[in-house]
Amino acid sequence: KTNYANINSLPSVFILSDAMQNGYRLRLNLWEHITHDDAKEKEKRDEAIAKVKESIEAAFRKYDTMLSDNKDKDFLSKDREALAKAFEVIAAVSKLSKENKTLEASALLNKSRPILLAFTKSLDEHMHHNETVAKEEALLAENAKNSAEKLMIFFSLSILLACTIFGYFIRKNIIESVHLIGSSIQHFVQTKKLNFRITYTKNNEIKEIVDSFNTLITTLETTIGDAKNSSNENASVSSELSATSMQIGRNAEKSSSIVD
């Protein structure tokens with residue numbers, strides 16, 4: 001439909017236009033048939049008329065393959081009917097001309113002129129119909145094109161809006177997550193509480209960073225706890241060693257007094 005003029009209207013108008021030109025040639029050859037007295041010249045005109053007739057019929061057969069609708073088919077039928085009537089006149093005039101009845105042939109030709117003109121008139125009406133249909137289809141094609149362009153603009157704007165909204169939420173999510181991590185680390189540095197953990201429920205790349213930080217704090221808490229325990233154990237051992245040393249010292253003093 002959107003390319004109707006290119007695939008149907010223009011080719012069909014060209015075919016009908018060629019048929020109309022051949023209609024003019026028919027009348028010209030028929031008139032020359034009457035005006036020539038030589039029999040050989042008349043035979044040449046008969047051959048030319050037969051050749052033109054075949055060209056027109058071939059054009060109509062070709063047109064059969066590109067009929068657009070029933071109305072187009074009706075116009076072609078009228079074209080064929082007008083051609084058949086025109087050839088009835090041509091055959092009658094040619095017969096009188098070959099019998100050298102020039103006056104009778106001329107009179108019949110003049111009398112039958114409306115029948116001959118009816119053929120080219122039928123073709124002209126057919127072409128006008130095709131041109132009208134082509135304009136209507138071109139208008140529909142233009143409307144379809146405009147609708148498609150508007151639809152594309154709508155889809156483009158919709159996609160742009162969706163990407164903008166999606167990008168906004170992604171940016172908002174990232175900024176909030178980064179802010180959460182930053183404020184949590186700052187809080188940890190200020191409070192130095194080893195039992196502090198960042199709470200993050202979303203399952204994304206930020207969660208991996210949060211989990212790593214929490215694991216680091218857990219490790220640090222464990223390490224410091226172990227260090228404290230070791231320090232306490234060392235203090236206890238030192239105290240026991242000090243007490244033992246003092247006891248040894250006292251024992252040594254007693255032993256010295258006894259010896260004296």
Side-chain angles (χ1 to χ4, degrees), residues 1-15 62-63 65-73 127-240:
K1 285 290 184 179
T2 56
N3 201 27
Y4 183 86
N6 291 331
I7 65 175
N8 186 287
S9 294
L10 288 177
S12 66
V13 169
F14 289 150
I15 290 174
K62 184 177 180 180
Y63 195 96
T65 62
M66 60 178 64
L67 289 170
S68 60
D69 52 28
N70 289 332
K71 193 170 184 179
D72 194 21
K73 186 177 181 180
M127 284 191 291
H128 179 71
H129 165 73
N130 286 3
E131 290 170 0
T132 301
V133 172
K135 290 178 181 179
E136 292 174 352
E137 295 296 338
L139 181 60
L140 290 175
E142 182 66 21
N143 292 336
K145 177 185 175 184
N146 293 335
S147 298
E149 289 177 349
K150 291 178 181 178
L151 191 61
M152 286 298 297
I153 292 173
F154 172 76
F155 280 135
S156 298
L157 292 176
S158 298
I159 293 172
L160 179 61
L161 179 61
C163 290
T164 302
I165 294 174
F166 187 63
Y168 167 77
F169 282 111
I170 291 178
R171 181 174 178 272
K172 183 174 181 294
N173 184 47
I174 292 175
I175 290 176
E176 289 179 350
S177 300
V178 171
H179 182 266
L180 173 65
I181 294 174
S183 60
S184 298
I185 293 175
Q186 185 177 6
H187 175 75
F188 171 73
V189 171
Q190 291 175 351
T191 61
K192 298 179 179 60
K193 292 182 178 180
L194 295 177
N195 61 349
F196 172 77
R197 300 292 185 272
I198 298 176
T199 302
Y200 190 83
T201 58
K202 297 178 181 178
N203 187 19
N204 52 29
E205 288 77 5
I206 301 296
K207 190 175 188 305
E208 295 179 4
I209 298 175
V210 171
D211 290 343
S212 297
F213 176 80
N214 289 337
T215 301
L216 175 64
I217 298 302
T218 300
T219 303
L220 184 61
E221 181 182 14
T222 302
T223 302
I224 292 176
D226 291 342
K228 286 183 178 180
N229 293 332
S230 297
S231 177
N232 291 333
E233 290 177 358
N234 290 336
S236 177
V237 171
S238 296
S239 178
E240 291 178 359

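This is a predicted model, so every value here is computed, not measured.
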Q: Is there any ring-ring contact (aromatic ring centres under 6.0 Å, His included) pair reaching into residues 128-150, and which pairs are they, with sequence neighbours excluded?
A: F75-H129
Q: How far apart are the closest heavy atoms of D72 and L67, and which atoms are they?
A: OD2-CA, 3.6 Å
Q: Would you say the side-chain atoms of Y200 and D211 include a donor-acceptor pair closer than 3.5 Å?
A: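 No, D211 and Y200 have no side-chain donor paired with an acceptor closer than 3.5 Å.
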Q: Does any part of the side chain of C163, heavy atoms only, come nearer than 4.5 Å to the side chain of I159, both counted from C-beta?
A: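 In contact.
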Q: May I ask you to check whether over 12 heavy atoms, not counting those of N70, lie within 6.0 Å of atom CG?
A: no
Q: In the structure I gave you, are the side-chain heavy atoms of I224 and L220 within less than 4.5 Å of one another anywhere?
A: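 Yes, at least one pair of side-chain atoms sits under 4.5 Å.
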Q: With rounding to the nearest 0.5 angstrom, report the OG to NZ distance, S68 to K73.
A: 12.0 Å
Q: Decide yes or no for Y168 and T164: does some side-chain heavy atom of the first lie under 4.5 Å from some side-chain heavy atom of the second?
A: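 No. Closest side-chain heavy atoms not under 4.5 Å.
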Q: Roughly how far, to the nearest 0.5 Å, is CG of N143 from NZ of K145?
A: 11.5 Å
Q: Show the nearest heavy-atom pair for residues F196 and S184, with the distance to one decimal.
A: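 Taking every non-hydrogen atom into account, CE2-O, 3.5 Å.
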Q: To the nearest 0.5 Å, tell me how far M66 CE sits from N130 CG.
A: 10.0 Å
Q: Measuring from atom CG of L160 to atom CD1 of I165, what distance do you get when rounded to the nearest 0.5 angstrom?
A: 10.0 Å
Q: Please identify each residue that fulfils side chain to side chain contact (heavy atoms under 4.5 Å, CB included) with N214, with sequence neighbours left out.
A: R197, I198, V210
Q: Rounded to the nearest 0.5 Å, how far apart are CD1 of I185 and CZ of F213?
A: 5.0 Å
Q: Distance from F169 atom CZ to E176 atom CD, nearest 0.5 Å?
A: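 That separation rounds to 10.0 Å.
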